[in-house]
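Because the structure is a prediction, the values reported are computed rather than measured.
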Amino acid sequence: MSADYFAPFDTIRFEGPASTNDLAYHWYDKDRVVLGKRMEEHLRFAVCMWHTFCWPGSDVFGAGTFKRPWHAGANDQAHAKLKREAAFAFVEKLDVPFYCFHDVDVMADAEDARAFQASFAEAVDHLEALQARHGRQLLWGTANLFSHPRYMSGAATNPDPEVFAWAAMQVKDALDATHRLKGANYVLWGGREGYDTILNTEIGIEQTNFGRFLALVVDHKHRIGFKGTVLIEPKPHEPTKHQYDFDTQTVYGFLKRFGLENEVKVNIEANHATLSGHTFEHELAMARALGILGSIDANRGDPQNGWDTDQFPNSAEELTLAMLELLRGGGFTTGGFNFDAKVRRQSIDAIDLFHGHIGGIDTIARALLSAAAIIEDGRLEDFRAERYAGWKGPLGQKIHQPATTLADLAHHAVAADRGPVPKSGRQEWCENLINRVRG
């Protein structure tokens, strides 16, 4: 039944911008070479298990609207297997290389620790076989440390060390599985690593425990020989009122505090960036500047809503700015674009899953072409370089010499006996250039 769910659909192929076929790529040509690299290698698309195959279409006001075959009945071993098989059939028909999962996304429900480990182990055996059969790869794995009631007060930051230990069990097994499945990254999202009220919260203890947990994860990574990247996914709030991994700069400060800035990078989600009061491109630029840009969760929020709506990206103009930052940083190494996005509750048919992903993939591909055209045009990059050229001159070099003092610079300003001459930032010209240059 599950294998037949996507049987009516052919593999999605590139047909070009002139095509009128809704089930074809109009901009994503995986073999097209852009800035010396194939488009598929630039973008490294992945489909997520949780929104695409686990979410039943429910919200806080209503029950699930989707009637997928694997949603019928309890999430037992048989239904979990159907779900895994359907996922790989869909990823193969999209013709994208990667998928992502939480442990609970791919396994049958289990309550006690031994049953949980056994259920997850069975799922990992099956995933390994499915990867080989369908020729797909794992972009990243992770453990769900936020849905079960045991995590209502956090996982690594929970007041109860027994919960900390259970979370450690889940992460150990998920990291081991990611290593076995040759995953490129392992992600930690602290959805409940924060608080709802300061009245019952000891921030110092919770942050120290959070740092200890992350250090244990990094230690285990090295013990098992996992060569992928450990990633933290920033988010300011939701489900908690305040999350400790608020944004990229906050995460970097946290990593520095615990000596992990060379071990852990960030997985940046577009909707999380806007919830924190930033733009998506700001978060990417900050991660690039700090040397911790790892991977991306592709989606968008609704500007009229104050929560994480996880919609598919649909603005090539906005994503062009984000893509510029990614390209300036050299592109992905182990990361990629994972679609942490879901169709709307009213989009109940199998074809809607294709429409959502095709649209998101084409939007990002078009943004890549525009960003590449801007870089090849050269005018924007030349202007940015010229604007900061003084820092390569004598004074700029002197400022960063260890022997230079504040008094030395004050003396320079007095001896020069002239005020700095303001120079235009040419913002309007920059904005016009972005709109005029298209790939």
Side-chain angles (χ1 to χ4, degrees), residues 50 59-60 102 142-164 166-168 170-171 187-217 230-261 264-287 290 292-297 299-311 340:
W50 51 101
D59 64 17
V60 295
H102 300 88
T142 188
N144 181 321
L145 305 182
F146 49 87
S147 293
H148 194 279
R150 75 173 67 88
Y151 296 124
M152 67 180 184
S153 299
T157 60
N158 198 288
D160 185 353
E162 293 290 347
V163 177
F164 185 106
W166 186 291
Q170 273 190 249
V171 171
V187 169
L188 294 149
W189 175 59
R192 299 195 189 274
E193 311 299 6
Y195 63 84
D196 292 314
T197 175
I198 202 71
L199 295 174
N200 63 7
T201 303
E202 184 52 66
I203 289 177
I205 292 174
E206 292 198 358
Q207 290 222 325
T208 297
N209 291 342
F210 197 4
R212 175 58 177 160
F213 192 91
L214 188 55
L216 289 169
V217 173
V230 175
L231 304 169
I232 284 184
E233 184 172 322
K235 189 180 183 183
H237 52 78
E238 191 196 3
T240 59
K241 177 180 178 180
H242 174 83
Q243 276 182 216
Y244 295 132
D245 48 3
F246 187 93
D247 61 7
T248 295
Q249 197 161 12
T250 303
V251 168
Y252 185 74
F254 175 82
L255 295 175
K256 286 283 285 187
R257 176 186 174 189
F258 292 100
L260 297 169
E261 70 273 16
V264 180
K265 296 185 178 183
V266 286
N267 180 53
I268 296 176
E269 178 175 319
N271 202 172
H272 293 181
T274 53
L275 286 175
S276 67
H278 304 309
T279 61
F280 183 29
E281 60 269 20
H282 165 89
E283 284 291 88
L284 293 174
M286 184 63 68
L290 296 172
I292 57 170
L293 177 54
S295 196
I296 289 173
D297 271 9
N299 60 19
R300 78 179 199 275
D302 188 312
Q304 276 74 54
N305 292 335
W307 61 87
D308 199 3
T309 57
D310 288 330
Q311 295 167 257
D340 190 355

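There is no side-chain donor-acceptor pair under 3.5 Å between Glu261 and Tyr252. Asp310 and Asn299 share a donor-acceptor pair across their side chains, judged by distance under 3.5 Å alone. Side-chain contact annotation: Asn271 with Trp307, donor-acceptor N/O pair under 3.5 Å absent.
Scanning all heavy atoms of the two residues, the minimum distance from Gln249 to Leu290 falls at CA-CD1, 4.4 Å. Minimum interatomic distance between His237 and Gly306 (heavy atoms only, all atoms of both residues): CE1-O, 4.1 Å. Across all non-hydrogen atoms, the minimal contact from Asp302 to Gln304 is OD1-N, 2.8 Å. Taking all atoms of both residues into account, the shortest heavy-atom contact from Val266 to Ala287 is CG2-CB, 3.8 Å. Between Glu283 and Ile268, the shortest heavy-atom distance links the atoms O-CD1, 3.3 Å.
With respect to the salt-bridge test (charged N to carboxylate O, under 4.0 angstrom), the residues Asp247 and Lys235 do not qualify.
Aromatic ring centres of Phe164 and Phe213: separated by under 6.0 Å. Not less than 6.0 angstrom separates the ring centroid of Phe210 from the ring centroid of Phe258. Taking the six-membered ring for Trp and the full ring otherwise, Phe246 and His272 have centroids separated by 6.0 Å or more.
Side-chain atoms of Leu188 and Thr142, non-hydrogen and from C-beta on, never get closer than 4.5 Å to each other. Looking only at side-chain heavy atoms (C-beta outward), Thr250 and Asp245 stay at 4.5 Å or farther from each other. A heavy-atom distance below 4.5 Å is found between the side chains of Ile292 and Thr248. Looking only at side-chain heavy atoms (C-beta outward), Gln207 and Arg257 come within less than 4.5 Å of each other. Side-chain contact check for Glu269 versus Asp308: some heavy-atom pair is nearer than 4.5 Å.
With sequence neighbours excluded, no residue satisfies ring pair (Phe, Tyr, Trp, His ring centres under 6.0 Å) with Tyr151.
Ring pair Tyr244/Tyr195 is tilted by interplanar angle, where 30° to 60° counts as tilted.
Atom NE2 of residue His102 and atom CD of residue Gln170 lie 10.5 Å apart, to the nearest 0.5 angstrom.
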